[in-house]
Every structure is written in structure tokens, then in C-alpha cells.
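Computation of the quantities below employed the complete heavy-atom set of this structure, encompassing side-chain atoms and omitting hydrogens, waters and symmetry-equivalent molecules. Just so you know, residue 1 is the first one in the sequence shown, and it goes up from there. Given the structure is predicted, the values throughout are model-derived calculations rather than measurements.
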Amino acid sequence: MIILKTPEEIAKMREAGQILAACHREIAKMVRPGISTLEINDFAEAFIVKHGASQVTKGFKGFPAATCASVNDVIAHGFPSKEPLVNGDIVKIDIVCCYNGWMADTCETYAVGTISPEAEKLVCVTKECLNLGISKALIGNRIGDVVSAIQKHAEGNGFSVVRDLVAHGIGRNMHEEPSFPHAGKPGRGFRLEEGMVFTIEPMVNAGKHEMFIDFDGWTARTMDGSLSAQFEHTVAITKDGPLVLTQ
């Protein structure tokens with residue numbers, strides 16, 4: 001069942017989203033060759049607590065950290081590591097927090113130093129995919145209108161969209177209905193209604209869309225070893241259009 005949120009509840013979720021947005025602004029200043037994703041993770045957790053919120057992912061079904069830190073061919077759910085980032089890496093930092101009982105979820109892909117033209121194009125196109133998807137998140141549209149715009153733009157640029165990891169509703173819980181992949185056809189799927197709140201989080205691979213899960217049971221990697229990028233926002237469907245809660 002999809003839980004519709006009132007404008008007052010959406011405003012509360014936006015407070016959580018603004019903490020995450022501020023956290024990512026600080027992380028952007030930190031990312032450089034030589035820093036570790038564990039250092040970024042520890043900063044993010046302390047930042048969230050300092051602002052009166054709580055992290056959500058550490059302890060969730062055994063996940064060990066307050067952030068997902070996914071480098072290069074890791075699509076999502078990577079464990080923060082002591083290993084330093086190096087020039088040319090791309091790193092995805094995905095964070096969920098809870099503030100006054102309401103949650104928000106967001107991810108950014110960061111360039112470490114100077115990245116390759118291929119990586120730069122991948123990151124740029126993935127962010128464009130997110131923005132295109134958000135632009136279609138209108139009352140009366142179907143989710144297929146959102147995800148088909150993402151898929152068309154990614155594939156039109158020679159990339160692929162991950163199917164096996166999905167976006168999700170969010171509210172008082174991190175994962176609520178609906179859930180959906182970022183690929184599909186226009187006019188298909190559930191119709192968007194005022195009060196829906198869900199993530200839009202395209203994961204785009206430089207190579208093929210197939211993936212596998214590492215031995216740790218969490219880390220998702222591209223099957224062909226290609227780079228992967230992701231951007232994510234928590235988005236509310238309102239009568240005035242999509243409201244991005246995490247920017």
C-alpha cells in the first residue's frame with residue numbers, strides 16, 4: 001500500500017532532506033585523492049547527529065555503516081573503507097537520515113581529482129537522467145513516464161540503466177511502497193498522486209546493465225567491470241509539481 005503524505009508531513013520530511021543536502025555540500029569539499037570513504041562516512045554520521053537527526057543504514061539488516069560508499073564499478077551498497085581514494089576515481093555517497101520521525105534519502109557521485117572523459121560523461125549524463133525523471137514526476141503521469149525518460153537518455157548516450165536495484169517510497173520508514181526500476185515504457189505502471197513521496201535514483205553503467213553481489217552480501221558491482229554512477233533525490237508529488245526534498 002502506498003502511504004500518501006500530507007503537506008505538513010512532507011514539510012517534516014524536507015527538514016530531514018535539508019540536513020542531508022547540507023551534509024553533501026560539506027562532503028563535496030572533502031573529496032580528494034588520499035581521503036578514505038571511511039573518513040567521509042564518519043564525518044557524515046557526526047554531521048547528522050550534530051544536527052539533531054540520526055543515521056538509518058548502520059545496523060539495517062546487518063549493514064555496517066552510516067553511509068553507502070561505492071567506488072568505480074561498485075553500483076551501490078559499498079562498505080566504507082580505510083583505503084584512500086585515488087585520482088580518477090568516482091565515488092557514490094548514499095545517505096539516509098531520520099529527523100523527528102521522518103526520513104530522507106539522497107546520493108551524490110563525486111569525482112576524485114581529475115577523472116577520464118568517459119567517467120565525466122557518465123557522471124554528467126546520470127545527473128541529467130535524474131533531472132529528467134524528476135521533471136516527469138507530475139500528478140496524473142505514470143511511473144513509466146518517469147523511468148522511460150531516464151532510460152531513453154542513458155541509452156541514447158551509450159550507457160545502460162541498472163534494473164536489479166530499485167527506487168522506493170519513503171516516509172517514517174526507509175523503504176515503503178512503491179518500488180520500481182529505472183527502466184520502462186511511457187504510460188505504464190502506477191499513476192502518480194498528490195502526496196506520494198519516493199526516491200528517484202538512477203544507477204547508470206558505462207557498460208552493460210547486468211550486476212552481481214559480492215561475497216559480503218551487499219556490494220553491488222557491474223558484471224563487466226565498467227564504471228557506474230548514481231544520483232538520488234527524495235521527491236514529493238505535489239499539486240505545484242515535483243518537490244525535491246533533498247536539495
Taking every non-hydrogen atom, the tightest pair across [X] and [Y]:
{"X": "E194", "Y": "T238", "answer": "CG-CA, 4.3 Å"}
{"X": "R14", "Y": "Q247", "answer": "NH2-O, 4.4 Å"}
{"X": "P33", "Y": "G113", "answer": "CD-N, 3.9 Å"}
{"X": "L192", "Y": "A137", "answer": "CD1-CA, 3.6 Å"}
{"X": "V161", "Y": "A154", "answer": "CG2-CB, 3.6 Å"}
{"X": "A66", "Y": "N41", "answer": "N-OD1, 3.1 Å"}

Check step by step if side-chain hydrogen bond (donor to acceptor under 3.5 Å, both in side chains) holds for S226 and D224.
CA-CA 6 Å; S226 62; D224 57 11; 2.7 Å; yes

Any side-chain to backbone donor/acceptor pair from [X] onto [Y]? Under 3.5 Å, distance only.
{"X": "T37", "Y": "S81", "value": "yes"}
{"X": "N157", "Y": "F159", "value": "no"}
{"X": "T67", "Y": "A69", "value": "no"}
{"X": "E9", "Y": "T6", "value": "yes"}
{"X": "N72", "Y": "L227", "value": "no"}
{"X": "E155", "Y": "S160", "value": "no"}
{"X": "D145", "Y": "R142", "value": "yes"}
{"X": "T199", "Y": "V235", "value": "no"}
{"X": "T219", "Y": "D214", "value": "no"}

For the hydrophobic clusters of this structure (ILVMFWY residues joined by side-chain heavy atoms under 4.5 Å, transitively), does one cluster hold both [X] and [Y]?
{"X": "L245", "Y": "L4", "result": "no"}
{"X": "M203", "Y": "V123", "result": "no"}
{"X": "I150", "Y": "V162", "result": "no"}
{"X": "I2", "Y": "L138", "result": "no"}
{"X": "V147", "Y": "L130", "result": "yes"}

Does the side chain of [X] reach to within under 4.5 Å of the side chain of [Y], using non-hydrogen atoms?
{"X": "N87", "Y": "T114", "answer": "yes"}
{"X": "Q55", "Y": "V96", "answer": "no"}
{"X": "F63", "Y": "T57", "answer": "yes"}
{"X": "V197", "Y": "I10", "answer": "yes"}
{"X": "T109", "Y": "F231", "answer": "yes"}
{"X": "I134", "Y": "P242", "answer": "yes"}
{"X": "L165", "Y": "I75", "answer": "yes"}
{"X": "F79", "Y": "P64", "answer": "yes"}

The test is side chain to side chain contact (heavy atoms under 4.5 Å, CB included); show your working for M13 and I170 and say whether it passes.
CA-CA 9 Å; M13 292 186 70; I170 187 169; 3.8 Å; yes

Under 3.5 Å, is there a donor on one side chain and an acceptor on the other for T222 and N205?
no

Side chains of E39 and S36: do they bring a donor and an acceptor to under 3.5 Å?
yes

Less than 4.0 Å between a side-chain N and a carboxylate O, is that true for R221 and D73?
yes

Please determine if E15 and K12 form a salt bridge, counting it only when a charged side-chain N lies under 4.0 Å from a carboxylate O.
no

Would you list the pairs meeting side chain to side chain donor-acceptor pair (under 3.5 Å) in which at least one residue belongs to residues 172-181, sequence neighbours left out?
K5-E176

Taking transitive links into account, so neighbours of neighbours count too, which hydrophobic residues share a cluster with M1 at under 4.5 Å side-chain distance?
I3

Checking one residue: V71. Which other hydrophobic residues are in its cluster under the side-chain 4.5 Å linking rule?
I19, L20, I27, M30, V31, I35, I40, F43, F47, I48, L85, V91, I93, I95, Y99, Y110, V112

List the steps, then state whether side chain to side chain contact (heavy atoms under 4.5 Å, CB included) holds for T246 with D105.
CA-CA 7 Å; T246 45; D105 186 358; over 6 Å; no

Between I200 and E232, does the side chain to side chain contact (heavy atoms under 4.5 Å, CB included) criterion hold? Intermediate values first, please.
CA-CA 6 Å; I200 301 177; E232 174 185 16; over 6 Å; no

Exactly one of E201, H182, K92, E108 should register a side-chain hydrogen bond (donor to acceptor under 3.5 Å, both in side chains) with Q230. Which one does?
E201

Euclidean distance, [Y] [atom2] relative to [X] [atom1], rounded to 0.5 Å:
{"X": "S148", "Y": "K136", "atom1": "OG", "atom2": "NZ", "answer": "7.5 Å"}
{"X": "S135", "Y": "E128", "atom1": "OG", "atom2": "CD", "answer": "12.0 Å"}
{"X": "E45", "Y": "C97", "atom1": "CD", "atom2": "SG", "answer": "12.0 Å"}

Does F198 form a side chain to side chain contact (heavy atoms under 4.5 Å, CB included) with I237? I'd like the steps, not just the answer.
CA-CA 9 Å; F198 49 74; I237 308 303; 3.9 Å; yes

Please test E118 against K121 for salt bridge (Lys or Arg N to Asp or Glu O under 4.0 Å), starting from the C-alpha separation and ending with a verdict.
CA-CA 5 Å; E118 178 196 40; K121 180 182 177 183; over 6 Å; no

